Amino acid sequence: MARDPGGRYLQRREYTWPGLGLELAKWRSGPRTEGLCYDEDDHLLLVTLGGRTEHTEARIEDGQRYVGADFPGAVSFIPSRRRREARHGAGELDYVTIRLAAPENGVDYEGFTNRPDPLIRQLAVALREEARGGLTAGRLFVDAVATTLALHLLRRYSDRAPVIPSRPAGLTGTRLRQVVEYIAAHLDDDLRLDRLAGLAGMDRYHFSRAFKQATGLPPHRYVIERRVTRAMDLLTGSDMLIADIAHQVGMSSQSHLTTVFRKHVGDTPYAYRKAHRHR
């Protein structure tokens, strides 16, 4: 990746998962800041969540030139192997950069600078909140976001619109039971959307929709609830250390369990155990 936004970072944090990377940044440009974005393997999505610039000019190779400013809600899409050069006037931006693995599908994508795209903005905010909240939803959530983004880019900004039935095949009976039993048996694992979808005989997109239709919850939310329920049982029915319970239910640490548990139960694991153990 060749990326030099110019200017100066005021804050910056990066997170990486297979197939998706995330950068949260606060950035200041000067009166004449020049920037470059290019990635050989990944699509780049830049989403401005706060701040603005006095002036911005940008062009993705020989595409249409953008003249205007950076503003909250602005989305830029730089497809893989495409180069964007930009010049910024003075300003400060709070923004998210998403690196999304580009499939080798021979599709030609249309890049752009500073257009509103409510779905991409919504997903960028969700990823930011997941990162700031201690990554409580886990890989299933990130997989779901990556799947949604890839489909959205293919549908809206490429020369090959996907054919997707309006209603996915139902997930019932044996296949639903296999998925639910697998989740119950592997709560301590780093569950992946591809594995669950494979058990159901579906692709990731259709599986996520069918699973929510069958259970009322998207896969990552269902798994979190099962993990919290298992933790509640272990807190009241065993003498295990809370740190050991955290690993038993697929949390990375006791603090990770505490964050998730408090959010869903309204109490810490220690306080919950103390209040319910001898009832």
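Everything numeric in this text was worked out from a predicted model, so none of it was measured.
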Q: Just do the side chain to side chain contact (heavy atoms under 4.5 Å, CB included) check on Asp194 and Asp143 with the steps written out, would you?
A: CA-CA 8 Å; Asp194 282 337; Asp143 286 348; 5.9 Å; no

When you group the ILVMFWY residues by side-chain heavy-atom contacts below 4.5 Å and let the links chain together, are [Y] and [X] in the same group?
{"X": "Tyr9", "Y": "Leu44", "answer": "no"}
{"X": "Met251", "Y": "Ile242", "answer": "yes"}
{"X": "Val142", "Y": "Val47", "answer": "yes"}

Is there a side-chain contact between [X] and [Y], using heavy atoms and a 4.5 Å cut-off?
{"X": "Leu24", "Y": "Leu22", "answer": "yes"}
{"X": "Leu20", "Y": "Leu127", "answer": "yes"}
{"X": "Ile98", "Y": "Asp42", "answer": "no"}

Q | OH/Tyr270: more than 12 non-hydrogen atoms of other groups inside 6.0 Å | A |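 No.
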
Q. Should we say atom CZ of Arg59 is surrounded by more than 12 heavy atoms from elsewhere, each under 6.0 Å from it?
A.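 For Arg59, atom CZ is crowded (more than 12 foreign heavy atoms under 6.0 Å).
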
All side-chain contact (heavy atoms from CB on, under 4.5 Å) counterparts of [X], not counting sequence neighbours:
{"X": "His55", "value": "Glu57, Val67"}
{"X": "Ser255", "value": "Ser253"}
{"X": "Thr97", "value": "Arg3, Glu23, Leu46, Tyr95"}
{"X": "Arg13", "value": "Tyr15"}

Would you say [X]'s side chain and [Y]'s backbone share a donor-acceptor pair under 3.5 angstrom?
{"X": "Asp159", "Y": "Asp108", "value": "yes"}
{"X": "Thr48", "Y": "Gly73", "value": "no"}
{"X": "Arg52", "Y": "Ala69", "value": "no"}

Considering all heavy atoms of both residues, which atom of [X] and which atom of [Y] are nearest to each other, and what is their separation?
{"X": "Gly89", "Y": "Ser29", "value": "O-OG, 2.6 Å"}
{"X": "His43", "Y": "Pro79", "value": "ND1-CA, 3.5 Å"}
{"X": "Leu154", "Y": "Ser158", "value": "O-OG, 2.5 Å"}
{"X": "Gly50", "Y": "Pro72", "value": "CA-CG, 4.2 Å"}
{"X": "Asp203", "Y": "Tyr205", "value": "OD1-N, 3.0 Å"}

Q: Could you walk me through whether Thr147 and Arg204 pass the side chain to side chain donor-acceptor pair (under 3.5 Å) test, one step at a time?
A: CA-CA 7 Å; Thr147 300; Arg204 300 199 325 179; 2.6 Å; yes

Q: Please report the C-alpha distance between Arg192 and Leu196 in whole Å, then the side-chain angles of each, then the deciding distance to 0.1 Å, and finally whether the side chain to side chain contact (heavy atoms under 4.5 Å, CB included) criterion is met.
A: CA-CA 7 Å; Arg192 297 294 310 276; Leu196 300 183; over 6 Å; no

With [X], which residues qualify under ring-ring contact (aromatic ring centres under 6.0 Å, His included), at least two apart?
{"X": "His88", "result": "Trp27"}
{"X": "Phe211", "result": "Phe207, Tyr222"}
{"X": "Tyr66", "result": "none"}

Q) Which value, rounded to the nearest 0.5 Å, describes the distance between Arg273 atom CZ and Asp267 atom CG? A)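 The CG atom of Asp267 is 13.5 Å from CZ of Arg273, to the nearest 0.5 Å.
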
Q: Supply the atom-to-atom distance Met240 CE to Leu235 CG, rounded to the nearest 0.5 angstrom.
A: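 Reported to 0.5 Å precision, the distance equals 9.5 Å.
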
**Q.** Check against side chain to side chain contact (heavy atoms under 4.5 Å, CB included), Lys212 and Leu217
**A.** CA-CA 5 Å; Lys212 183 176 180 180; Leu217 293 170; 5.8 Å; no

With a 3.5 Å cut-off and sequence neighbours excluded, list the donor-acceptor pairs that the side chains of residues 175-191 form with protein atoms.
{"residue": "Arg175", "atom": "NH1", "partner": "Ala200", "partner atom": "O", "Å": "3.1"}
{"residue": "His186", "atom": "ND1", "partner": "Tyr182", "partner atom": "O", "Å": "2.9"}

Q. Can you list every side chain to side chain donor-acceptor pair (under 3.5 Å) pair that touches residues 112-122, not counting sequence neighbours?
A.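 Applying side chain to side chain donor-acceptor pair (under 3.5 Å) to every pair that reaches into residues 112-122, excluding sequence neighbours, yields Asp70-Asn114, Ser76-Asn114, Arg84-Thr113, Glu110-Arg115, Asp117-His152, Asp117-Tyr157.
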
Q) Can you list every side chain to side chain donor-acceptor pair (under 3.5 Å) pair that touches residues 242-251, not counting sequence neighbours? A)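 For residues 242-251: none.
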
Q) Please walk me through it: do Asp39 and Arg99 pass side chain to side chain contact (heavy atoms under 4.5 Å, CB included)? A) CA-CA 9 Å; Asp39 198 294; Arg99 290 184 293 103; 4.3 Å; yes

(Q) Just to verify, what does Arg82 make a side-chain hydrogen bond (donor to acceptor under 3.5 Å, both in side chains) with, not counting sequence neighbours? (A)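 Partners of Arg82 under the side-chain hydrogen bond (donor to acceptor under 3.5 Å, both in side chains) test: Glu61.
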
Q | Arg81 and Glu40 ion-paired at < 4.0 Å | A |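 A salt bridge is present here (some side-chain N lies under 4.0 Å from a carboxylate O).
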
Q | Residue pairs involving residues 86-96 (criterion salt bridge (charged side-chain N to carboxylate O under 4.0 Å, His left out); sequence neighbours excluded) | A |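 The answer is Arg28-Glu92, Glu34-Arg87, Asp94-Arg128.
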
